[in-house]
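Comments concern the structure below.
All values below come from the heavy atoms of this structure, side chains included, with hydrogens, waters and symmetry mates left out. What you see is a predicted model; the values in this text were computed from it and never measured.
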Amino acid sequence: DYIGGKPLLLILSEPSSIFIHVLNRFKRRAIYCNIRNDRAVPFWTASFSDANPFHNLDTMEIQYDSECPSLIESFEHQDPETIARLKQEHSELSFTEKVTQRVKATPWKRYAIFGILGPFLLPIWFSFAFTTISIQGLNSRRRIAPIVESDKDLHRMRDETTITKIHSTSDSIARVKGGDKAEVEEEEEEEEEEEEEDPSTTFVMHIQPPSQNNTQTDSSVTLTMPPSDPRNEESITPSISVAVSMAETIGDPEPTSFSYPHLKEVRPLALMPVQIDISKNLNKLKWKKNFIHIDSYNAHASIVVRESWSSNDGGIAVVQHAVDMFKEDGEDE
């Protein structure tokens, strides 16, 4: 949704917004971020980050909290030499040794159970999932129905929108029936003429290739499509003009994550500029960020337990940690 040309989420995150003003009044602000297996909220969204330093856990050294085994106390990436050495050792293994390692690391018992019971359980699971989703949808509509029905402003906006659409449609019909059909056709012809005034289409692309020797190349490529010739389709050939400017840059030419500037090996994700602005705005507030690692198929469901089967020790420990954290000062007892 957009308001005044701005995305709604960006408006909510702006420092001057009433929403940030209210958040700023909280004494304690904490977020819990699953580093993997979160099917609903990925790590970079939950942590207001532009990168994921936990992309490859095999190249990291992670220390977990002694009281809450799901909570990451500290982490660091292994140095490039160690990573290169491990890769070299793995590449020197024979094919048989690689297969043996993969076989040992595979949870065959789990796969065997699914393989045997899968043909019988899948139809039941699909029926159960369809029924559950339908029931949850109906319950959601039932819960919000009183709110929607009692919201006078929502009714007013809906009525105004309906009236506007009706008036717009009625005006168009009246103009045609009242003899203004020629005027309508004339307006359409003027729009077509404006589109035909500039028969060429220009595309501008900015290309920034990987730099070498601390030099960054900023290239702009302009493609101009000439007007098409209906007699010869092959005449539609773009003319290309390339302008390249060289500029010296200071520091590391590789992109750096603003969330983890001290981790040079962590590259920022390909996020949209508005997403980065939202993340930066939210980080202007002070947050206690808790990084969570739960060994579960769905780490999100392990914490937000909607069904009893999704509960596990890792999720229970996280919830208990949140309760204990907010009771440390004794104000909530």
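How far CD1 of I276 is from CG of L10: 12.5 Å, rounded to the nearest 0.5 Å. Between the OH atom in Y32 and the CG atom in D38 there is a gap of 15.0 Å [rounded to 0.5 Å]. With values rounded to the nearest 0.5 angstrom, S311 atom OG is found 3.5 Å from I316 atom CD1. In this structure, CG on D277 lies 11.0 Å from CG on L282, to the nearest 0.5 angstrom. Atom-to-atom distance recorded for I18:CD1 and H21:NE2 is 5.0 Å, nearest 0.5 angstrom. The line from CZ of F128 to CD1 of I133 is 10.0 Å long, rounded to the nearest 0.5 Å.
Across every non-hydrogen atom of N56 and M60, the tightest pair is O-CG, 3.4 Å. The two residues A30 and N290 have their closest heavy-atom pair at CB-ND2, 4.2 Å. When every heavy atom of S47 is checked against every heavy atom of Y260, the shortest pair comes out as OG-OH, 4.3 Å. When every heavy atom of A51 is checked against every heavy atom of W44, the shortest pair comes out as O-CB, 4.1 Å. Across all non-hydrogen atoms, the minimal contact from N34 to F43 is O-CB, 3.4 Å. Residues S49 and S279 share a closest heavy-atom pair of N-OG, 3.6 Å.
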Decide yes or no on side chain to side chain donor-acceptor pair (under 3.5 Å) for S259 and D50, but give the supporting numbers first.
CA-CA 6 Å; S259 302; D50 70 330; 2.9 Å; yes
List the steps and the verdict of side chain to side chain contact (heavy atoms under 4.5 Å, CB included) for E76 and L263.
CA-CA 9 Å; E76 62 178 348; L263 300 177; over 6 Å; no
Side chain to side chain contact (heavy atoms under 4.5 Å, CB included) between R39 and Y297, worked out
CA-CA 9 Å; R39 311 296 174 185; Y297 172 75; 3.4 Å; yes
For F54 and H293, run ring pair (Phe, Tyr, Trp, His ring centres under 6.0 Å): C-alpha distance rounded to whole Å, both residues' side-chain angles, the deciding distance at 0.1 Å, then the answer.
CA-CA 10 Å; F54 301 98; H293 185 194; 8.4 Å; no
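A donor and an acceptor atom, one from each side chain of K286 and N24, are nowhere located under 3.5 Å apart. Side chains of S302 and N312: a donor-acceptor N/O pair is present below 3.5 angstrom, by distance only.
R267 places no side-chain N or O within donor-acceptor distance of the main-chain N or O of T256, the cut-off being under 3.5 Å. Side-chain atoms of E92 do not come within 3.5 Å of backbone N or O of E89 as any donor-acceptor pair. Although no hydrogens or angles enter the test, the distance criterion places no donor-acceptor pair under 3.5 Å between the side chain of W125 and the main chain of F120. In this structure, R29 contributes its side chain and L23 its backbone to a donor-acceptor pair below 3.5 Å. Side-chain N or O atoms of S17 include none that pairs as donor or acceptor with a backbone N or O of S13 at under 3.5 Å. Panel note: side chain T131, backbone S127; a donor-acceptor pair is recorded below 3.5 Å. Between the side chain of Q275 and the main chain of M272, a donor-acceptor pair closer than 3.5 Å is present.
You'll find the side chain of F48 reaches within 4.5 Å of the side chain of I31, heavy atoms only. Contact check for Y64 versus L71: no side-chain heavy atoms found under the 4.5 Å cut-off. A 4.5 Å side-chain heavy-atom check between H300 and N37 finds every atom pair outside the cut-off. Between H77 and P53, some side-chain heavy-atom pair lies under the 4.5 Å cut-off. In this structure, T132 and R306 have side chains that are not in contact, with every pair of non-hydrogen atoms separated by 4.5 Å or more. Taking 4.5 Å as the limit, every side-chain heavy atom of Q63 sits out of range of all side-chain heavy atoms of I72. Within the 4.5 Å cutoff, the side chain of I294 has no heavy atoms near those of the I35 side chain.
Under the 4.5 Å side-chain contact rule for hydrophobic residues, L9 and Y2 do not share a cluster. Cluster membership for F26 and L285, using ILVMFWY side-chain heavy atoms within less than 4.5 angstrom, is shared. F19 and V22 fall within a single hydrophobic cluster, where Ile, Leu, Val, Met, Phe, Trp and Tyr are joined by side-chain heavy atoms under 4.5 Å apart, directly or via other members. Under a hydrophobic clustering in which Ile, Leu, Val, Met, Phe, Trp and Tyr are joined whenever their side-chain heavy atoms come within less than 4.5 Å, directly or via other members, V305 and W309 fall into different clusters. No continuous path of hydrophobic side-chain contacts links F258 to V266 [ILVMFWY only; heavy atoms under 4.5 Å].
Enclosure of atom CG in D313 is not indicated, since only 12 or fewer non-hydrogen atoms of other residues, nucleotides or ligands lie within 6.0 angstrom. In K289, the NZ atom is crowded: over 12 heavy atoms of neighbouring residues, nucleotides or ligands sit closer than 6.0 Å.
Aromatic ring orientation, F291 versus F75: tilted (interplanar angle from 30° to 60°).
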